Amino acid sequence: MRALLFLATGLLLAMPVVATAQVKPPAKTDPSAAEVRYFTSIDGLMDGNADVILKETRKGKAVTAAVLDICFPADKTTDRKDRFVVNLAINGQTLSGTTQSLADKVPVTVKLNRKPTGDTFEFRGQITIGTNTTEVASTDNSDISEKEFTDSQVVDDGITPSPKDFSEVSPEAVGVRVKLESALDFLKSLKGQDVEVALNSLAVSCDALRGGQQTINLTIDPDRAAALIAKAKATPGVTLAGWTTGVVGMDRTIRFAAANWHDGDKVNRDKLVATVSGVLAKTLSAKFVTSSWSTTTGKLKLTFKRPSPVYPALELTDTIEVVALVAPDKPGGSDKLMLWLGNPVTTTADEGAGAKLLLSDESSGDEEGDQKDDSGSIDALTRELKGQRWDADKSVWK
C-alpha cells in the first residue's frame, strides 16, 4: 500500500504543470469600425473597355467615403489611355462627383445609384467624359477586401537585373522601367542608337498610369546588352533595368562548349554559319543560299532554297528562312555558348523562266503545321555541336 502511495505521488510530481488561466476568446469585431472594400469591375461600363476601381469606406453597411478610379481608351483609333480619379459625395445610396481626366484634361461628371442585392451590388446611373455620356446599368458586382485588392495589384514585368543564366530570360531582350515623367527623355536618348524599341511597349497601360512607371522593352545584340543595361540604370527616372523574356525559347536551344568557336574574344561567325547551314541543308533537303547578321539584334538569318513538293510538275521553288541567335549561356561571359534556332518559315513561288504563276498563301506563320516542322534540325545540330538540350522538367541541361 505504501508503495502504491509513493508511486502515485511520483506520477503527480512528474506531470507537467497546466496553466490555470483560461484562453481569452477572440476579440469581437467592432461593428462601428471603418472597413475598406473594393470593386475592381463594373460590368458593361464603357462597352466593357473601362478599367475600374471603386474604393469604399464603410461603417457597418453605411458608405462613408468613396473614390472612383477609371482608366479608359482616350479615343477609339489607338491604344492610348486616359484616366480620372474622383472623390464621390455620399447622399444615401447616391454617389456623385466631378473632376477632369489626368491626360487630356476633359471634364468628368459621375452620378451612380448603388443598391445592395444580397451578396452583390447593383450600380445604375451616368458617367460623362467630355461630351460622351455612358449609361451605367450593372448588376451582380462583388466587392473584395483591402488585402485581396492589394494582392491583385502586384504587376510583374519580368525584368531580372542579375539573372544566373539565360534559362528564364533572353540574352537579346532588355526591359527598362522608367517613371512616366521621364519616359519621353529616355526614349529620345535611344534615337540613333543601334537598338530596337518594341512598339507595343510605348502604349501606356492602365497599370502604368496608376503606378506612375512604364516598362520599355528593347532588343539588342547580346554582346552589347550588359552595357545598355548599365547605361539605362544610370539614366534619371529609370527605376529598374535588366534582361527579360524575348525570342529565345529553351525548347529550341542548344548549349555547347565555346572553346572551339571563338576568334579572339568574339564568336567566329563564319565558322558557325558554315556548320549550322551545312546541317540545315541536309535536314531541310535544301541548298544554302545566303546568310546575314543583324548589327542591331545580333540575330542570324539563314536562307535556303529547294524544289517545292506541292506540285512537282510546276517546278515551283520553296524559300526557307531560319533565324538563329548565339550568345553566352549567362551574363558576364562563360565557357559555354547557347544557340537558339527559330522555326523555319517557308514561302513558295514560281521562279522559273518566262511567265510566272502568281501564288497566294493565306496561312499564317503562327499556325501549327509545316512552319513548325524542321525535319529534326535541332537534334542534328545538337549532335554536330556535341551540345546539350534543356530538360524543362528538371530545369537543367542534359
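Quick caveat, the model's predicted, so the values are computed rather than measured. Just the heavy atoms: all of them, side chains too, but no hydrogens, waters or symmetry mates, feed the values below.
- No side-chain N or O of Thr275 forms a donor-acceptor pair with one of Glu384 less than 3.5 Å apart.
- Within 6.0 Å of the CG atom in Asp79, the count of heavy atoms belonging to other residues, nucleotides or ligands does not exceed 12.
- Formation of a donor-acceptor pair under 3.5 Å by the Thr160 side chain with backbone atoms of Pro163 is not found in this model.
- To the nearest 0.5 Å, the span separating OG1 on Thr40 from CD1 on Ile144 amounts to 4.5 Å.
- Judged purely by atom type and a 3.5 angstrom limit, Lys356 uses its side chain to pair as donor or acceptor with the backbone of Gly354.
- Under the 3.5 Å distance criterion, the side-chain polar atoms of Ser205 are matched with a main-chain donor or acceptor of Ala208.
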Below 3.5 Å, can you tabulate the donor-acceptor pairs from side chains in residues 102-119 to any protein atom, sequence neighbours excluded?
from, atom 1, to, atom 2, distance (Å)
Asp104, OD1, Arg80, NH1, 3.2
Asp104, OD2, Arg80, NH2, 3.2
Lys105, NZ, Leu102, O, 3.1
Asn113, OD1, Thr94, OG1, 2.9
Arg114, NE, Glu56, OE1, 3.3
Arg114, NE, Glu56, OE2, 2.7
Arg114, NH1, Gln93, OE1, 3.4
Arg114, NH2, Glu56, OE1, 3.0
Thr117, OG1, Thr120, O, 3.2
Thr117, OG1, Thr120, OG1, 3.0

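- The CG atom of Asp140 lies 12.0 Å from the CZ atom of Phe123; values are rounded to the nearest 0.5 Å.
- Rounding to the nearest 0.5 Å gives a distance of 7.5 Å between CG of Leu190 and NZ of Lys231.
- Under a hydrophobic clustering in which Ile, Leu, Val, Met, Phe, Trp and Tyr are joined whenever their side-chain heavy atoms come within less than 4.5 Å, directly or via other members, Val273 and Val279 fall into the same cluster.
- Judged by the 6.0 Å distance and 45° axis criteria, Lys271 is positioned over the aromatic ring of Trp261.
- Under the 4.5 Å side-chain heavy-atom criterion for grouping Ile, Leu, Val, Met, Phe, Trp and Tyr, Leu316 is not connected to Leu284 through any hydrophobic cluster.
- Here the side chains of Glu196 and Ile220 are not in contact, with every heavy-atom distance at 4.5 Å or above.
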Practice task
Before giving the answer on side chain to side chain contact (heavy atoms under 4.5 Å, CB included), spell out for Arg306 and Thr319 the whole-Å C-alpha distance, their side-chain angles and the decisive distance to 0.1 Å.
Solution key: CA-CA 7 Å; Arg306 69 185 179 194; Thr319 299; over 6 Å; no
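- A salt bridge between Asp151 and Lys147 is present, with a side-chain N of the basic residue lying under 4.0 Å from a carboxylate O of the acidic one.
- Residues in residues 327-347 take part in these salt bridge (charged side-chain N to carboxylate O under 4.0 Å, His left out) pairs, two or more places apart or across chains: Arg255-Asp329.
- A heavy-atom distance below 4.5 Å is found between the side chains of Leu202 and Val197.
- In this structure, the side chain of Gln153 does not engage the main chain of Thr150 through any donor-acceptor pair within 3.5 Å.
- The existence of a salt bridge linking Lys81 and Asp207 is excluded, since no basic side-chain nitrogen approaches an acidic carboxylate oxygen closer than 4.0 Å.
- Follow the hydrophobic side-chain contacts under 4.5 Å out from Phe288 and you reach Leu280 in the same cluster.
- The backbone N or O of Thr78 sits less than 3.5 Å from a side-chain atom of Asp75, completing a donor-acceptor pair.
- Put simply, the side chain of Asn141 gets close to the backbone of Ser138: a donor and an acceptor are under 3.5 Å apart.
- Closest of all the heavy-atom pairs between Leu337 and Pro328 is CD2-N, 3.9 Å.
- Atom OG of Ser96 and atom CG of Asn91 lie 7.0 Å apart (nearest 0.5 Å).
- Contact annotation: the side chain of Thr297 never approaches that of Glu172 to less than 4.5 Å [non-hydrogen atoms, C-beta and beyond].
- Looking at Leu228 and Val195, their side chains come closer than 4.5 Å, going by heavy atoms from C-beta outward.
- At a threshold of 4.5 Å between non-hydrogen side-chain atoms, the residues Asp350 and Leu314 do not count as touching.
- Looking at heavy atoms from C-beta onward, Leu325 lies in side-chain contact with Val247 at the 4.5 angstrom threshold.
- Of the inter-residue distances, the one linking Ile216 atom CD1 with Ser201 atom OG reads 4.5 Å to the nearest 0.5 angstrom.
- For the pair Arg83 (side chain) and Cys206 (backbone), a donor-acceptor distance under 3.5 Å is absent.
- Considering only residues two or more places apart in sequence or on other chains, Thr382 meets the side-chain contact (heavy atoms from CB on, under 4.5 Å) condition with Ile254, Ile378, Arg389.
- No salt bridge links Lys55 with Asp69; every basic N to acidic carboxylate O contact stays at or beyond 4.0 Å.
- The two residues Thr244 and Gly158 have their closest heavy-atom pair at OG1-O, 3.4 Å.
- Asp221 pairs by the side-chain contact (heavy atoms from CB on, under 4.5 Å) definition with Asp223, Arg224, Arg269, not counting sequence neighbours.
- Transitive grouping of hydrophobic side chains (ILVMFWY, heavy atoms separated by less than 4.5 Å) keeps Ile53 and Leu68 in distinct clusters.
- For Trp340, the ring pair (Phe, Tyr, Trp, His ring centres under 6.0 Å) test picks out no residue, with sequence neighbours left out.
- Side-chain contact check for His262 versus Asn268: every heavy-atom pair is 4.5 Å or farther apart.
- Crowding of Gln100 atom CD: a count of heavy atoms from other residues, nucleotides or ligands under 6.0 Å exceeding 12.
- Nearest heavy atom pair, residue Ile159 against residue Val176, reads CD1-N, 3.9 Å.
- Closest of all the heavy-atom pairs between Gly298 and Pro222 is CA-CD, 4.3 Å.
- Smallest separation of non-hydrogen atoms from Ala258 and Ser334: CB-O, 4.4 Å.
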Practice task
Please test Val345 against Ile320 for side chain to side chain contact (heavy atoms under 4.5 Å, CB included), starting from the C-alpha separation and ending with a verdict.
Solution key: CA-CA 6 Å; Val345 177; Ile320 306 170; over 6 Å; no
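- Considering Thr346, Thr347, Thr348 in turn, Thr348 is the only one that fulfils the side chain to side chain donor-acceptor pair (under 3.5 Å) rule with Asp318.
- Residue Val63 is grouped with residue Ile42 when hydrophobic side chains (ILVMFWY) are merged at heavy-atom distances under 4.5 angstrom, including chains of intermediate members.
- At least one donor-acceptor pair closer than 3.5 Å links the side chain of Arg252 to the backbone N or O of Leu341.
- With values rounded to the nearest 0.5 angstrom, Phe304 atom CZ is found 9.0 Å from Ser291 atom OG.
- Residues Trp243 and Ala225 share a closest heavy-atom pair of NE1-CB, 3.6 Å.
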Exercise for the section: Under the side chain to side chain contact (heavy atoms under 4.5 Å, CB included) rule, what do Ile129 and Phe72 come out as? Steps first, then yes or no, please. Expected result: CA-CA 10 Å; Ile129 302 174; Phe72 59 95; 3.9 Å; yes
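- At least one donor-acceptor pair closer than 3.5 Å links the side chain of Ser145 to the backbone N or O of Glu148.
- The aromatic rings of Phe149 and Tyr38 lie parallel to each other, their planes meeting at an angle below 30°, with 60° marking the opposite boundary.
- For the pair Asp82/Cys71, no side-chain contact is recorded, criterion being any heavy-atom separation below 4.5 Å from C-beta on.
- Every residue meeting the salt bridge (Lys or Arg N to Asp or Glu O under 4.0 Å) condition with Glu351, not counting sequence neighbours, appears here in chain and number order: Lys305.
- Panel note: side chain Thr64, backbone Thr57; a donor-acceptor pair is recorded below 3.5 Å.
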